[in-house]
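Structure incoming, see below.
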Amino acid sequence: MAGMSGKQKSARDMILSLGLIVLAAGVIWIFIPHEDGEPPVKRVDYRVELLTAQRAASYPVAAPQGLSEDWKATSVRFKGDDFDAWHLGFRAPDGEYVAVEQSTKKATTFIEDASQGARATERTEEIGGRTWTRYTGGRYDALVLHGADDMKGATTVVAGTGSFDQLSKMAAALKIA
C-alpha cells in the first residue's frame with residue numbers, strides 16, 4: 001500500500017469506519033428489546049368505582065357480569081356532579097372498543113355525545129326483556145335504552161367501534177343494581 005495516496009487512504013478509512021458504525025448499530029438494535037405493534041392495553045379494576053356509582057347515582061347503575069376474560073376493562077369513571085354520568089370502557093376480544101355510558105342528562109344531548117354523533121334507526125333489539133334502539137352513522141354504532149320505567153330517568157348507551165353483535169353481547173351482560 002505504499003503507493004496509496006493520502007486521499008485514497010482517508011476515503012478507505014472513512015468507508016471502513018462507516019461500515020463498523022452500521023454493523024454496531026445493527027448489533028445494538030438486535031439486542032435491545034423492542035415491541036412490534038401496539039403496546040398492551042392495561043386492564044382496570046372498576047369494582048370500587050362501580051360500588052361508589054351504585055351508592056351515589058339517582059338511577060340503577062349497569063355493569064356487565066359473565067363476560068369472558070377476553071373482554072378487558074380499560075376505563076372507568078363516575079361523575080356525580082355531571083348528571084350522575086357513569087362510563088365503563090372495554091377492549092372487546094377482537095380489539096374493538098365497546099363502552100357502557102349512563103346519565104340523567106337530557107337524552108338527545110347525552111346520546112349524541114355517547115355515540116359520537118350516531119342517529120336513531122328504525123331497528124330495535126329485544127335484549128334482556130328490554131327494547132334497545134340501534135343508532136348508526138357516527139364514529140360509533142350504539143344501542144340505546146331510554147324511557148324504561150325502572151331506570152328512573154337515566155339513559156343507557158352501549159356504544160363503540162365494535163359490531164352490533166358485540167354491542168348486543170355487552171347489553172345482554174349488563175346487570176342493573
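Keep in mind that this is a model prediction, so the values were computed, not measured.
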Worksheet item: Nearest heavy-atom pair of Pro64 and Leu174: which atoms, and what distance?
Response: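 Here Pro64 and Leu174 meet closest at N-CD2, 3.7 Å.
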
Practice prompt. Not counting sequence neighbours, list each pair that qualifies as a side-chain hydrogen bond (donor to acceptor under 3.5 Å, both in side chains) and has a residue in residues 51-68.
Written response: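 Checked against side-chain hydrogen bond (donor to acceptor under 3.5 Å, both in side chains) - neighbours excluded - the pairs reaching residues 51-68 are Ser58-Asp84.
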
Item to complete: Report yes if the side chains of Lys106 and Phe83 come closer than 4.5 Å at any heavy-atom pair, otherwise no.
Response: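 Not touching, per the 4.5 Å side-chain cut-off.
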
Worksheet item: Would a 4.5 Å heavy-atom cut-off, applied to side chains only, mark Asp113 and Lys105 as touching?
Response: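 In short, these two side chains touch, coming nearer than 4.5 Å.
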
Worksheet item: With a cut-off of 6.0 Å (strictly less than), are more than 12 heavy atoms of other residues, nucleotides or ligands near CZ of Arg43?
Response: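 Yes.
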
Response to the item:
side-chain hydrogen bond (donor to acceptor under 3.5 Å, both in side chains) pairs touching residues 152-174, sequence neighbours excluded, are Asp94-Gln166, Glu96-Thr161, Gln102-Thr156, Glu125-Ser168, His146-Thr155

Fill in: Atom NZ of Lys175: over 12 foreign heavy atoms under 6.0 Å
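More than 12 within 6.0 Å, yes.
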
Discussion item. How long is the straight-line distance from NE2 of His87 back to OG of Ser103, given to the nearest 0.5 Å?
Written reply: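 These two atoms lie 13.0 Å from each other.
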
Discussion item. Which heavy atom of Leu143 sits nearest to which heavy atom of Ala171, and what is that distance?
Written reply: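 Taking every non-hydrogen atom into account, CD1-CB, 4.3 Å.
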
Fill in: Candidate pair Asp141 and Arg134, rule side chain to side chain contact (heavy atoms under 4.5 Å, CB included), full reasoning
CA-CA 8 Å; Asp141 287 329; Arg134 279 189 176 198; over 6 Å; no

Practice prompt. Measure the CD1-CZ distance between Ile111 and Arg119 for me, rounded to the nearest 0.5 Å.
Written response: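 Here the rounded value is 10.0 Å.
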
Discussion item. When you compare the side chain of Leu167 with that of Trp132, does any pair of heavy atoms fall below 4.5 Å?
Written reply: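 Heavy-atom side-chain distance check fails, nothing below 4.5 Å.
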
Discussion item. Is there a continuous path of hydrophobic side-chain contacts, each under 4.5 Å between heavy atoms, that joins Phe164 to Tyr135?
Written reply: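 No, no single cluster joins them.
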
Fill in: Lys42 and Thr74, any side-chain heavy atoms less than 4.5 Å apart
no

Worksheet item: Any side-chain heavy-atom pair from Thr131 and Glu126 closer than 4.5 angstrom?
Response: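 Answer yes - side chains close enough.
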
Fill in: Cluster check Val157, Tyr46: I/L/V/M/F/W/Y, side chain < 4.5 angstrom
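Shared cluster, no.
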
Worksheet entry | Ala62 to Val100 - nearest heavy-atom pair and separation |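 So the two residues come closest at O-CG1, 4.2 Å.
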
Worksheet entry | Value rounded to 0.5 Å, distance of OG1 in Thr104 from CZ in Phe110 |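 Interatomic distance, Thr104 OG1 to Phe110 CZ, rounded to 0.5 Å: 9.0 Å.
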
Worksheet item: How long is the span from the CD1 atom in Ile127 to the CG atom in Leu145, to the nearest 0.5 Å?
Response: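 Taking CD1 in Ile127 and CG in Leu145, the distance rounds to 9.0 Å.
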
Worksheet item: Should the ring pair Phe90 and Trp71 be called parallel, tilted or perpendicular, given that the plane angle runs from 0 to 90° and is split at 30 and 60?
Response: perpendicular

Item to complete: Give the cluster check for Tyr97 versus Met170: same hydrophobic cluster or not, with ILVMFWY residues linked at side-chain heavy-atom distances below 4.5 Å.
Response: no

Worksheet item: Which atom pair, heavy atoms only, marks the closest approach of Phe78 to Ala56?
Response: CE2-CB, 3.7 Å

Item to complete: Locate the shortest heavy-atom distance separating Ala159 from Tyr140; write the atom from each residue and the value.
Response: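 The answer is CB-CD1, 4.1 Å.
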
Item to complete: Would you check if Ile176 and Met151 make a side-chain contact, meaning some heavy-atom pair closer than 4.5 Å?
Response: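 Of all side-chain heavy-atom pairs linking Met151 with Ile176, at least one is under 4.5 Å.
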
